[in-house]
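I have placed the structure first, in the form of structure tokens, so that the comments after it can refer back to it.
All values below come from the heavy atoms of this structure, side chains included, with hydrogens, waters and symmetry mates left out. Bear in mind the structure is a predicted one, so any value in this text is a computation, not a measurement.
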Amino acid sequence: MSSMQSDSSANVTFVRPVTFFISGFFNIPHAKYYYVFLSLVYVVTVLGNSFIMCIIYLARRLHTAKYIAVFHLALSDLCGSSALIPKLIDIFLFEHQDISYEACLANMFFVFHFMNLQSLTLLVLAYDRLVAICFPLQYHTIVTKPAMFLIIGVMWIFSVTFIASMVSLITRLSICRSNVVNSYFCDHGPIYRLACNDNTSNIIMANICFGLLVCMPLILIIVSYFCIASVLLKIAQGADRIKAMKTCTSHFMLVVILYVPLLGINIAALATFIHPNARIINNSLTQTIPPMLNPIIYTLKTEEVMQSIKELYKRNKVNTIETIKKDTENKRSTAV
């Protein structure tokens with residue numbers, strides 16, 4: 001597909017491709033329609049997440065620690081989709097399937113970094129619900145805005161360090177088997193498998209990445225829900241129990257949407273062969289659909305957000321009416 005650039009030292013040839021070729025789907029007719037669909041998903045994602053961030057910014061009642069995390073989730077969703085979908089559209093709709101070595105590694109870093117932030121932010125939101133329901137009297141002293149900013153800052157430092165380390169290990173590989181990446185973006189696994197030299201460290205890092213950044217947050221979220229359920233069962237009044245459960249429904253739906261397809265495809269891969277096309281469809285939808293649905297779920301399923309939208313609408317309507325009245329009075333005074 002493209003030329004290879006080689007450096008020899010001590011009878012050992014180190015091969016680094018000038019470009020990678022992103023293969024995408026195998027023998028699927030009209031595959032471009034799928035990428036058009038993803039472009040529409042991206043438009044909805046941008047509009048939805050921008051909307052929820054604006055609502056949180058403008059509504060004073062949402063200036064709380066919890067909604068700092070929700071704002072961060074929307075930002076991570078927006079940035080993650082922006083790192084993946086526009087490049088994917090450029091590659092397959094405009095047939096720019098060759099991507100430079102450096103650009104490929106940069107794409108890998110940003111896609112994995114923001115996926116990681118999405119997963120960790122859902123864990124932070126689970127922690128918020130755990131404290132709110134299990135320790136309601138201490139909630140406002142434990143989950144404060146400075147504490148939430150600190151948690152998010154630590155998340156960024158950890159994610160940038162870990163993902164940068166994972167991507168930098170790729171530069172130690174001699175890519176001499178092929179430069180064709182059997183995926184829809186510069187995916188970590190398909191690239192390190194192209195190496196001719198020892199890629200053990202890359203395999204270990206990939207396993208740590210999946211275990212630490214996917215499985216561990218999910219396990220902790222499940223544990224938090226068990227703790228929440230045990231507390232809810234002790235609540236005598238059914239109405240209070242239902243009210244407390246409603247505060248968790250939107251978060252629970254986001255967890256299911258993100259983790260079930262991701263874990264499903266990986267568990268299935270251990271038991272049977274999965275066609276590359278099926279893997280591409282599952283993984284691409286797992287990366288693109290949750291960021292689109294997250295703001296919709298938080299808007300429709302969270303009473304505080306809906307109430308804030310109504311208040312902002314009424315405030316804007318009143319301001320518009322007052323502006324019209326002032327303009328009318330000014331015109332009358334000018335005419336007189």
Side-chain angles (χ1 to χ4, degrees), residues 1-2 17-50 73-119 159 163 166-167 170 175 178-194 206 209 213-214 257-258 261-262 264-266 274-296:
M1 293 295 177
S2 66
V18 176
T19 61
F20 285 109
F21 182 86
I22 311 299
S23 64
F25 287 118
F26 293 93
N27 299 321
I28 290 186
H30 311 298
K32 287 188 175 182
Y33 290 114
Y34 179 71
Y35 301 117
V36 171
F37 163 72
L38 290 183
S39 67
L40 296 176
V41 169
Y42 179 64
V43 171
V44 177
T45 300
V46 171
L47 294 175
N49 285 287
S50 299
L73 178 63
L75 179 64
S76 301
D77 288 340
L78 181 59
C79 293
S81 294
S82 297
L84 178 67
I85 300 178
K87 190 62 183 175
L88 188 147
I89 292 168
D90 179 58
I91 289 171
F92 297 110
L93 282 186
F94 297 100
E95 299 181 353
H96 297 153
Q97 289 175 263
D98 284 301
I99 180 172
S100 71
Y101 182 87
E102 293 78 12
C104 189
L105 295 190
N107 177 250
M108 183 191 301
F109 170 80
F110 285 111
V111 169
F112 278 97
H113 169 58
F114 287 112
M115 279 182 63
N116 181 31
L117 287 182
Q118 291 166 21
S119 179
S159 181
I163 302 300
M166 184 181 77
V167 173
I170 295 290
I175 311 292
S178 172
N179 71 330
V180 178
V181 180
N182 294 320
S183 187
Y184 56 99
F185 75 107
C186 290
D187 202 351
H188 181 251
I191 290 179
Y192 77 66
R193 293 188 187 99
L194 300 175
C209 181
L213 306 181
V214 177
I257 291 168
L258 177 64
L262 192 61
I265 195 72
N266 283 279
I274 297 176
H275 194 277
N277 290 341
R279 185 183 290 274
I280 287 174
I281 290 173
N282 182 85
N283 289 348
S284 60
L285 290 178
T286 301
Q287 287 179 269
T288 56
I289 296 300
M292 180 188 72
L293 294 179
N294 287 354
I296 298 172

### Message
Rounded at 0.5 Å granularity, tell me how far CG in Leu194 sits from OH in Tyr192.
### Response
11.0 Å
### Task
Show your working on side-chain contact (heavy atoms from CB on, under 4.5 Å) between Ile289 and Val41 and close with a plain yes or no.
CA-CA 7 Å; Ile289 296 300; Val41 169; 4.2 Å; yes
### Task
Report yes if some heavy atom in the side chain of Ser50 is under 4.5 Å from a heavy atom in the side chain of Leu78; otherwise report no.
yes
### Query
What distance do Asp187 atom CG and Asn182 atom CG have between them, rounded to the nearest 0.5 Å?
10.5 Å
#### Entry: Separation between CD1 of Ile191 and CE of Met108, rounded to the nearest 0.5 Å
3.5 Å
### Task
Show your reasoning for whether side-chain contact (heavy atoms from CB on, under 4.5 Å) applies to Ile99 and Lys87.
CA-CA 10 Å; Ile99 180 172; Lys87 190 62 183 175; 3.6 Å; yes
### Query
Given side chains that start at C-beta, do those of Cys186 and Ile22 come closer than 4.5 Å, heavy atoms only?
yes
### Query
Do Leu117 and Ser159 have side-chain heavy atoms sitting under 4.5 Å apart?
yes
### Task
Of all the heavy-atom pairs spanning Tyr35 and Gly24, show the shortest one and how long it is.
OH-CA, 4.3 Å
### Under 3.5 Å: donor-acceptor pair, side chain of Ser23, backbone of Val181
yes
### Query
Tell me, do Tyr184 and Ile91 make a side-chain contact under 4.5 Å, heavy atoms counted?
no
### Task
For atom NE2 of His30, decide whether the heavy atoms of other residues, nucleotides or ligands shown that lie under 6.0 angstrom number more than 12.
no
### Task
Go through the steps for Tyr34 and Phe25 under the test side-chain contact (heavy atoms from CB on, under 4.5 Å), then give the verdict.
CA-CA 10 Å; Tyr34 179 71; Phe25 287 118; 3.5 Å; yes
### Query
Should the ring pair Phe185 and Phe112 be called parallel, tilted or perpendicular, given that the plane angle runs from 0 to 90° and is split at 30 and 60?
tilted
### Summary
Heavy-atom nearest pair, Ile257 first then Pro290, reads CG2-CG, 3.6 Å
## Note on the structure
Here the pair of heavy atoms bringing Arg279 nearest to Ile274 is N-CG2, 4.0 Å
### Message
Are Phe92 and Gln97 packed together at the side-chain level, in the sense that at least one heavy-atom pair is separated by less than 4.5 angstrom?
### Response
yes
### Query
Would you say the side chain of Asn283 lies within less than 4.5 Å of the side chain of Ile265, judging by non-hydrogen atoms?
yes
### Query
Does the side-chain contact (heavy atoms from CB on, under 4.5 Å) test come out yes or no for Ile170 and Cys104, once each step is laid out?
CA-CA 11 Å; Ile170 295 290; Cys104 189; over 6 Å; no
### Summary
Interatomic distance, OG@Ser284 vs CG@Leu84, rounded to 0.5 Å, equals 8.0 Å
### Side chain to side chain, Asn49 and Leu75, heavy atoms closer than 4.5 Å
no
